[in-house]
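Worksheet for the structure shown next.
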Amino acid sequence: MPHYFDHAATTPMREVAQRTWLAHASALNAGGQYASGRQARSVLDGAREDIARLLGCEPIEVIFCASGTEADNIALQGLWKRSGGTIAASGIEHPAVLETVRALEHHGAAVRWLPVGADGTICDPEAATQGADLVTCMWANNETGAIQPVEALCANASGIPVHVDAVQAVGHIPVDFHALGATTLAASAHKFGGPRGLGILLAKRSPAPSPVLFGGGQERGIRPGTNDVASAAAAAAALREAVAEMEAEAQRLRALQHRLLDAISSIEDTQIHTPAHALPGHVHVSFLGAEADSLIMLLDSQGFEASTGSACSNGVNRASEVLLSMGVPVATARSAIRFTLGYTTTEADVEALIAVLPEVVSRARLAGMA
Ligand code: PLP
């Protein structure tokens with residue numbers, strides 16, 4: 001079994017989620033007006049109620065969709081359809097948000113890019129909403145793990161719709177949609193041990209995103225299409241477990257994260273990109289003079305799975321837009337690798353990684369930068 005250090009990309013499906021998924025795999029159409037339809041509907045309603053309770057919203061505000069990417073797209077495109085005007089966004093957003101904002105810019109949106117500090121957080125949340133008609137900000141960054149000041153941003157929005165991409169946050173740190181006061185919030189089940197291919201969009205009753213998909217009217221017409229009942233139920237089961245374990249798990253991961261960070265600091269010429277106020281499972285670091293691709297391949301050959309965390313890589317190592325937005329030089333950004341720990345990570349995994357890292361880094365440095 002490889003040592004898996006890419007939990008922020010996707011985390012293994014929890015056993016409880018697998019059991020729940022199997023139990024409902026033969027559920028039929030939750031919109032059917034007959035016994036099997038009512039049965040599927042009651043499973044779907046149960047999942048919706050659980051997720052609403054766990055994320056601090058009303059069941060009607062839970063919109064099931066197919067991915068975090070889809071939730072971000074529906075929210076941003078749908079809210080901008082209503083508001084038009086200027087979108088305020090940061091350059092550290094995940095491509096699901098970044099590319100949607102860029103596409104809207106192409107369709108006439110003005111975009112104000114929010115400045116980001118060297119610690120990977122947006123600088124002035126109080127000012128972020130000024131002059132904006134729509135604001136979007138992630139709760140926690142997928143590469144560095146940096147937690148963003150979303151509370152301050154929402155508190156200062158004074159009526160301007162705010163979308164929060166909480167894909168990395170949900171199931172890992174407490175998330176309360178009503179307390180936050182955002183208009184929409186995106187989550188994705190496979191990041192907290194649910195099935196891949198199940199997104200969750202939380203959408204206030206008003207203003208709700210205008211539909212960008214048209215069809216049968218399911219999910220308040222915001223995301224029409226026959227529901228995947230088994231995946232919704234499995235996502236709810238995974239979230240129940242993740243939330244129940246959250247405090248203890250965060251403590252456990254924080255200890256492992258510190259152990260790994262300490263060991264990395266003793267390797268020379270490293271730059272840590274994960275700030276102190278970050279998700280407990282993230283360790284994002286540049287080993288100067290080593291190409292990230294070489295590090296990933298060398299680690300893979302020894303049974304360690306990690307990535308750059310940057311979705312733009314696609315087989316070609318380009319500098320991460322997140323790191324560039326933080327003012328990190330291109331060469332440093334190209335030597336950045338992300339280790340993300342999760343609920344299956346053990347102390348033995350971390351110690352095994354620590355044992356091989358110095359040798360891997362020096363071999364990657366010998367290979368040089370392309
Ligand atoms: N937003 C963030 C912050 C993410 O980390 C990801 C996935 O990595 C997404 C959105 C997209 O989620 P999905 O993979 O479910 O489409």
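No hydrogens, no waters, no symmetry mates; every other heavy atom, side chains included, goes into these values.
Y343 is linked by a ring-ring contact (aromatic ring centres under 6.0 Å, His included) to nothing, counting only residues two or more places apart in sequence or in another chain. Looking at residues two or more places apart in sequence or on another chain, you find a side-chain contact (heavy atoms from CB on, under 4.5 Å) between A250 and P280. In this view, A128 and L114, L153 satisfy the side-chain contact (heavy atoms from CB on, under 4.5 Å) rule, not counting sequence neighbours.
The side-chain contact (heavy atoms from CB on, under 4.5 Å) test with W139 singles out one residue from L279, V175, D165, and that residue is V175. Of the options R220, R205, K204, H178, a side-chain hydrogen bond (donor to acceptor under 3.5 Å, both in side chains) to E61 is made by H178 and by none of the others.
Taking hydrophobic clusters as Ile, Leu, Val, Met, Phe, Trp and Tyr residues chained together by side-chain heavy-atom distances below 4.5 Å, I74 does not share a cluster with M138. In the hydrophobic cluster analysis, where Ile, Leu, Val, Met, Phe, Trp and Tyr join through side-chain heavy atoms closer than 4.5 angstrom, V43 is grouped apart from W21. Placement of W80 and L98 within a single hydrophobic cluster is found when ILVMFWY residues are connected by side-chain heavy-atom separations under 4.5 Å, directly or transitively. M13 and V167 are members of different hydrophobic clusters when ILVMFWY side chains are connected at heavy-atom separations under 4.5 Å. Note on V164: it clusters hydrophobically with V62, by side-chain heavy-atom contacts below 4.5 Å among ILVMFWY residues.
For T340 (side chain) and H7 (main-chain N/O), a donor-acceptor pair under 3.5 Å exists by modelled atom type. A donor-acceptor pair is defined here as one N or O able to donate and one able to accept, closer than 3.5 Å; no such pair exists between the side chain of T183 and the backbone of H163.
Of all the heavy atoms in V328 and L324, the pair that sits closest is O-CD2, 3.4 Å.
Counting only heavy atoms from C-beta outward, the side chains of L76 and T136 approach each other to under 4.5 Å. Considering only heavy atoms from C-beta on, L239 stays 4.5 Å or farther from D50 through its side chain. Counting heavy atoms from C-beta on, the side chains of F339 and L261 never come closer than 4.5 Å. Two residues are said to be in side-chain contact when any heavy atoms from C-beta on lie closer than 4.5 Å; F64 and R223 fail this criterion. Proximity of H24 to R19: side-chain heavy atoms (C-beta onward) are nowhere separated by under 4.5 Å. Counting only heavy atoms from C-beta outward, the side chains of I122 and C137 approach each other to under 4.5 Å. By the 4.5 Å heavy-atom criterion applied to side chains, L202 and L55 are counted as neighbours. Residues H190 and S67 form no side-chain contact, since every pair of their non-hydrogen atoms from C-beta on lies 4.5 Å or further apart.
One finds a salt bridge joining R334 and E291 here, because a Lys/Arg side-chain nitrogen approaches an Asp/Glu carboxylate oxygen to under 4.0 Å. By the 4.0 Å N-to-carboxylate-O rule, R14 lies too far from E249 to be salt-bridged with it. For R338 and D6, the salt-bridge test passes: some basic side-chain N is under 4.0 Å from an acidic carboxylate O. Using a 4.0 Å cut-off between a side-chain N of Lys or Arg and a carboxylate O of Asp or Glu, R259 and D262 do not qualify as a salt bridge.
Within a 6.0 Å radius of CZ in R82, more than 12 heavy atoms belonging to other residues, nucleotides or ligands are found. Shown here is E347, whose CD atom has no more than 12 heavy atoms of other residues, nucleotides or ligands within 6.0 Å. The environment of CD in E268 is sparse: at most 12 heavy-atom neighbours from other residues, nucleotides or ligands sit within 6.0 Å. In this structure, Q18 places its CD atom where more than 12 heavy-atom neighbours from other residues, nucleotides or ligands lie under 6.0 Å away.
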Going through the checks in order, is the side chain to side chain donor-acceptor pair (under 3.5 Å) test met by E143 and S320?
CA-CA 9 Å; E143 291 183 35; S320 131; 2.7 Å; yes

N29 vs T226, test: side chain to side chain donor-acceptor pair (under 3.5 Å). Steps then yes/no.
CA-CA 7 Å; N29 177 18; T226 304; 4.7 Å; no

Yes or no on side chain to side chain donor-acceptor pair (under 3.5 Å) for H284 and T144, after CA distance, side-chain angles and deciding distance?
CA-CA 5 Å; H284 196 213; T144 63; 5.7 Å; no

What verdict does the side chain to side chain donor-acceptor pair (under 3.5 Å) test give for N156 and Q130, after you've listed the backbone C-alpha separation in whole Å, the side-chain angles of each residue and the deciding distance to 0.1 Å?
CA-CA 9 Å; N156 283 281; Q130 279 167 21; over 6 Å; no

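Between H3 and F304, the ring planes are parallel. Angles under 30° get that label, and only those over 60° would be called perpendicular.
Looking only at atom types and distance, the side chain of S90 has a donor-acceptor partner in the side chain of E93 under 3.5 Å away.
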